[in-house]
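Working notes, beginning with the structure itself.
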Amino acid sequence: MDTLYKPQGVEERWQKIWEEEGLYEADPDAPGETFVVMHPPPNISGSLTIGHCLQLSLEDTLVRWHRMRGFNTLFQPGYDHAGISTWAAIGRTLAQEGRSQRDLGRDGFDAYVQEWLERYGGTIMSQFRLLGASLDYRRTRFTMDERYYAAVMRWFVHLYERGWIYRANRIVNWCPRDRTALSDLEVEHEDTDDTLSYIRYPLADGSGHVTIATVRPATILADVAVAVHPDDDRYRDLVGKEVVVPFVERRVPVIADERVEMEFGTGALKITPGHDPTDFEIGRDHDLPEIAVIGADGLMNDAAGELAGLTQEDAGRRVLDWASERGLLEKREHYRHSVGHCVRCHSRIEPLIVPQWWVAMKDLAAPAVAAVTEGRVRFTPDRFARVYLDWMENVRDWCISRQIWWGHRIPVWYCPDGHVTVAETEPRACTECGSADLRQDEDVLDTWFSSALYPFATLGWPEETPELARYYPGHVLATARDIIFLWVARMIFSGLELIGEEPFQEAVIHSYLQNPEGKRMSRTLGTGIDPEEALEPYGADATRYGLLKMTTGQDPRFSWGTIEEGRKLANKLWNASRLLLLAGPVEPAARPSSVEERWILARIEATRAEFEADLAAFDFAHAVQRLYHLTFDDFCDWYLESIKPRLAEEDVRATAFAALERLLKLLHPVMPHVTEEIWTNLPARETRLIVAPWPEPETWEGELDALESAQTAARIYRRSGVRIKLDGDSARIFEAVVRPTDDGGGDLDAERARVQKEIERAERMLSNEKFVANAAPEAVAAEREKLAQYVAERDALG
RNA sequence: GGGCGCGUAGCUCAGCGGGAGAGCACUCGCUUCACACGCGAGGGGUCGCUGGUUCGAUCCCAGCCGCGCCCA
């Protein structure tokens with residue numbers, strides 16, 4: 001054994017052995033309470049980020065912990081086709097060759113994407129393995145594989161038959177770059193600098209004008225009304241009159257609607273149902289026409305007449321010029337407001353009225369709200385339950401159709417007569433007229449429509465498989481907060497609707513790593529950290545440890561120092577085991593005969609209980625910190641040092657190996673490789689550590705503080721050279737651990753003064769009558785205890 | 001516009017009513033027979049600011065200031 005632990009090679013070897021020996025496999029026929037974690041399937045549009053590794057580390061820690069405790073565990077791997085995301089990524093690659101997705105044709109694109117899939121899918125699975133994630137790789141699923149496709153079709157038809165899927169011509173978020181509709185969740189609002197133009201709309205009867213303010217003058221061409229608030233005294237007399245829309249010189253009514261903000265601009269709002277979501281709603285309620293002057297490409301369309309083909313900016317300038325020439329442009333001012341952008345390509349979202357497929361959310365949402373309010377699904381940290389509920393309680397209908405070629409094609413067919421046939425598999429004839437001339441809807445489904453089924457589609461649903469019976473519902477779902485609505489919420493309502501049970505009990509919302517400079521990690525900006533930058537030099541164990549320490553807070557910065565801490569812990573364990581192995585292997589057996597032996601067993605036991613409590617609360621950072629402290633301070637610095645003089649005794653070594661075994665077991669879920677490597681070197685191995693039984697609770701009462709007097713004496717001696725009087729075990733342990741090199745002496749006065757200060761502080765507090773009267777009894781007792789200890793210390797100093 | 005989170009040692013972060021902590025970095029001592037990628041010791045902090053509650057506030061409350069995020 002080398003004096004330095006080198007993870008390279010060791011980790012890869014164990015990863016192969018564990019997988020080849022079938023130790024990652026979930027067996028639905030095996031006994032045991034189940035524990036199921038569905039790992040969120042990464043997008044095949046890219047490789048893993050360090051953030052994925054953080055998520056995987058905490059999941060794998062839970063999975064390995066449960067596996068050792070005898071649970072029948074399923075840790076499910078897979079990857080996601082990631083609709084628009086992959087579509088856009090492929091588009092970027094093709095663009096470099098001067099081509100686009102649509103140049104390939106639908107079939108050509110399918111072929112291209114298959115290659116893409118093999119390349120990225122393979123990379124992702126190999127990165128999972130590199131981290132030591134104990135996923136059941138045999139079960140790897142893809143959200144567009146054949147069986148998964150069948151599940152998605154069933155889901156669509158189910159919702160359709162329920163009457164909750166409908167096609168409607170409504171305003172949607174349109175990305176003019178990718179030329180597809182998006183759901184509300186795929187739009188992000190960004191503060192944008194704009195110019196607010198104040199334009200006069202003359203009254204048709206010539207009695208004056210109304211001034212409106214707009215940031216999008218080009219849309220004036222599609223105006224169908226001017227709206228004011230019903231309580232707005234300034235405009236009360238105008239309601240019911242008509243105004244003339246500039247440029248197009250169309251007469252439109254002035255209407256009253258409560259959705260108008262009186263404070264904005266002049267309080268009069270131009271209504272453009274074709275190009276604004278609020279105006280669309282107002283328009284529908286007032287039966288206004290819907291005019292579209294902007295096309296799918298974001299440019300002015302034919303309805304814009306002489307402005308057709310212009311960009312909105314150019315068209316807007318023409319409109320403003322027109323108004324200005326006629327004295328209708330009152331003023332222009334700077335205006336900063338938030339504008340919707342495509343979450344992927346950052347194009348400015350174009351609200352357009354286009355026919356799309358929708359899911360009515362009302363009936364799906366109600367049970368999903370109840371699941372959380374009734375505590376059947378819990379969030380950690382629990383404040384995210386509120387975030388979830390706020391969204392779910394106010395959820396709007398979900399636009400699920402996308403105008404791209406990558407995804408699950410909508411299972412709807414049209415005959416020449418326009419009849420609609422909805423079926424899970426391709427129908428032979430129109431269900432209404434029997435026509436065999438069927439044309440399938442061109443659109444594909446929102447990628448999240450299929451991801452929503454992940455917790456059961458991966459288990460074989462809609463077939464009644466043994467896996468589905470055994471592993472649904474699952475237990476822990478770990479994810480970052482950015483997909484609470486997109487995915488977590490949708491899994492909950494789909495699971496409730498289709499299976500009748502929520503898909504997991506615990507939604508663990510983990511931290512979102514920032515890069516060391518505090519910036520958001522982004523692959524495209526090059527501000528991210530490639531997992532292999534950590535895995536290669538530090539090893540998976542160190543990386544896992546470090547990442548788990550970074551799970552606190554909301555947006556911790558990635559820090560190499562934390563990974564380094566993990567590497568040191570691995571090395572420390574390695575060398576502690578070397579000490580014992582070099583002293584002479586002997587079968588492990590806890591036969592403690594001294595106070596320090598009982599003490600370490602008690603410390604390990606106490607840490608086991610605390611560690612379990614941390615994991616149960618998903619507090620990974622504190623969990624690993626405990627292990628570090630136990631290993632360095634308790635096990636190495638005190639226990640091993642104190643038994644060194646007696647290492648020749650077989651019982652002492654047997655106990656030490658037994659203690660080491662327990663320590664390795666506690667560390668295994670966090671650092672699986674180094675612990676397994678050491679474990680396999682211990683005498684009398686019968687099983688792999690990965691499936692070794694988790695330590696049972698033990699009782700070592702009254703031993704937790706057994707080393708306190710020796711430790712206090714060590715602190716004083718090391719600081720000042722002053723020896724305090726010790727006897728019996730404490731004296732022996734002090735000698736063994738501290739190995740004092742002189743007879744003491746030292747600065748006795750300084751030590752006395754220090755202790756005296758402490759005594760005075762405690763006495764001062766205890767002489768404060770208000771403290772004694774008002775403080776919690778425990779606080780007062782603790783203070784008395786401290787005083788007693790310092791008095792004892794003073795006496796020991798002599 | 002509404003909501004959430006965070007400002008603690010040079011850095012990354014714990015602590016969240018009763019003497020300010022860890023790891024890294026820094027300084028000093030030690031080649032000690034597991035580990036010098038080690039061991040031991042030390043320096044370093046008006047706990048963002050201002051008020052309030054309390055016998056006592058880094059911790060609770062209010063208001064500011066600064067960062068980050070979500071929803072509309």
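Every value quoted in this text rests on a predicted model; they were computed, and no experiment measured them. We name chains A, B, ... by the order of the sequence lines, and we start the count at 1 in each one.
Distance from the side chain of A/N571 is smallest to B/C37 among B/C55, B/C37, B/A34. The nucleotide whose nearest atom lies closest to any side-chain atom of A/Q554 is, among B/C55, B/G5, B/C13, B/G5. Distances from the side chain of A/N575 to the nucleotides B/C55, B/C71, B/C35 place B/C35 closest. You'll find that the side chain of A/F771 is closest to B/C55, out of B/C55, B/C35, B/A14. The A/R739 side chain lies nearest to B/C33 when the options are B/C33, B/C55, B/G68. For A/K568, whose side chain is taken as the heavy atoms from C-beta onward, the closest listed nucleotide among B/C13, B/C24, B/G68 is B/C24. The nucleotide whose nearest atom lies closest to any side-chain atom of A/A775 is, among B/C55, B/G23, B/A14, B/C55. Which of B/G18, B/C39, B/C35 sits closest to the side chain of A/D637 comes down to B/C39. Of the candidate nucleotides B/A34, B/C37, B/C55, B/A34 has the atom lying nearest to any side-chain atom of A/L582. Distance from the side chain of A/R718 is smallest to B/A41 among B/U12, B/A36, B/A41.
For B/C39, the OP1/OP2 oxygens have a side-chain nitrogen or oxygen of A/K572 closer than 4.0 Å. Listed pair A/K644 / B/A34 meets the phosphate criterion, a side-chain N or O lying under 4.0 Å from OP1 or OP2. Checking the phosphate oxygens (OP1, OP2) of B/C4, no side-chain nitrogen or oxygen of A/R383 falls inside 4.0 Å. Considering only side-chain N and O atoms, A/T552 lies nowhere under 4.0 angstrom from the phosphate OP1 or OP2 of B/C13.
Checked by distance alone, A/R481 brings no side-chain donor or acceptor within 3.5 Å of a matching partner on the base of B/C70. Looking at A/S338, its side chain comes within 3.5 Å of the base of B/A72 through a donor and an acceptor atom. On a pure distance criterion of 3.5 Å, a polar donor-acceptor pair joins the side chain of A/E641 and the base of B/A34.
The partner of B/A9 cannot be assigned: no Watson-Crick or G-U wobble pair with both contacts below 3.5 Å exists in any strand.
Spacing between B/G1 and B/A9 at atom P, rounded to whole Å, works out to 33 Å. Separation of the C1' atoms belonging to B/G45 and B/U32 is 35 Å when rounded to the nearest angstrom.
Using bins of under 30°, 30° to 60° and over 60° for the plane-to-plane angle, the ring pair A/F635/A/Y639 lands in the tilted bin.
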What are the atom names and distances for every N/O pair under 3.5 Å that joins the protein to nucleotides 27-30 of chain B?
none

